[in-house]
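Worksheet for the structure shown next.
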Amino acid sequence: MDNPGQLSIIPPPVRFISGTGKLEGSPVKKNVRYIKDLQGIFKDETARASQSQEEIVYEVEMYMPVKEGTTGSLFFGNTTVFAGKVGDEYYMTRGHFHALPDRTEFYWCIRGEGMLVEMNLKGITWAEEIFPGSLHFIPPRTAHRVVNTGKNKLVLGACWPADAGHNYGDIEKKGFGARVMEINGQPRLIKD
Ligand code: S6P
Ligand code: ZN
């Protein structure tokens, strides 16, 4: 043994860049959602279909150190929602319940401004303001969607259980019951 008694010190596999919220490292996976991927998500489908289909609406970077579905473990990620609108509706994520409905999640804002739209199983919808430093707990059985109401990128960190999974189907069928629209130059949460 070269160094008897010496324990190993290793570099971490992933770096979280605090200024930008980016993740760096070989285990990081990335998903990009373009306008062309978001059919039926925005209120004005005609407007969505007529704008540039290759424009990015949002990107997600994920560090998933265990197999998806592992009980008792965690995933870490970021979501960047670009600035833009489809008609009068701000760019946003698809939104989902977790497939295991009681699984919760934390989001926190790194930069930008927006709204976190949430909906419970009774169909009651509300939104939390997002701003740098804001911290958001997604309760059990609560659908969640991130909306960028600003002129710059909105970047959020997220941490969620590795067995949470995603249920997109219920949102595709019923929506959130409310949308964040620009009305007279201001973001408003209005009934759908
Ligand atoms: C995962 C977590 C986020 C979202 C991301 C994109 O539980 O909530 O990482 O996956 O914000 O949203 P969506 O609705 O397209 O998965
Ligand atoms: Zn989630």
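Counting from 1, the numbers follow the sequence of the chain as shown. Remember, predicted model here, so these are calculated numbers, not experimental data. We count ligands from 1, going down the list as the structure has it; atoms in each ligand are counted the same way.
For His98, the closest heavy-atom approach to ligand 1 falls below 4.0 Å. Under a 4.0 angstrom heavy-atom cut-off, Phe75 registers as lying outside contact with ligand 1. Residue Val146 places no heavy atom under 4.0 Å from ligand 1.
Rounding to 10°, one obtains 80° for the angle at the Zn ion (ligand 2) between NE2 (His144) and NE2 (His96).
With respect to the salt-bridge test (charged N to carboxylate O, under 4.0 angstrom), the residues Arg103 and Asp163 qualify.
With a 4.0 Å cut-off on non-hydrogen atoms, Met62 does not touch ligand 1 at all.
The aromatic rings of His98 and His144 sit perpendicular, their planes meeting at an angle over 60°, well past the 30° parallel limit.
Those atoms of ligand 1 that come under 4.0 Å of a heavy atom in Thr79, given as number and element, are 5 (C), 11 (O). The distance from ligand 1 to the heavy atoms of His144 drops below 4.0 Å at these ligand atoms: 8 (O).
Within Glu105, the N, O or S atom lying nearest to the Zn ion (ligand 2) carries the name OE1.
When only interatomic distances are considered, the shortest N/O to N/O separation between Gly95 and ligand 1 falls below 3.5 Å. Residue-to-ligand polar distances keep Arg33 apart from ligand 1: every N/O pair is separated by 3.5 Å or more.
Shortest contact from atom 12 (O) of ligand 1 to any protein heavy atom: Thr93 CB, 3.6 Å. Nearest non-hydrogen protein atom to atom 3 (C) of ligand 1 is Tyr107 OH, 3.6 Å.
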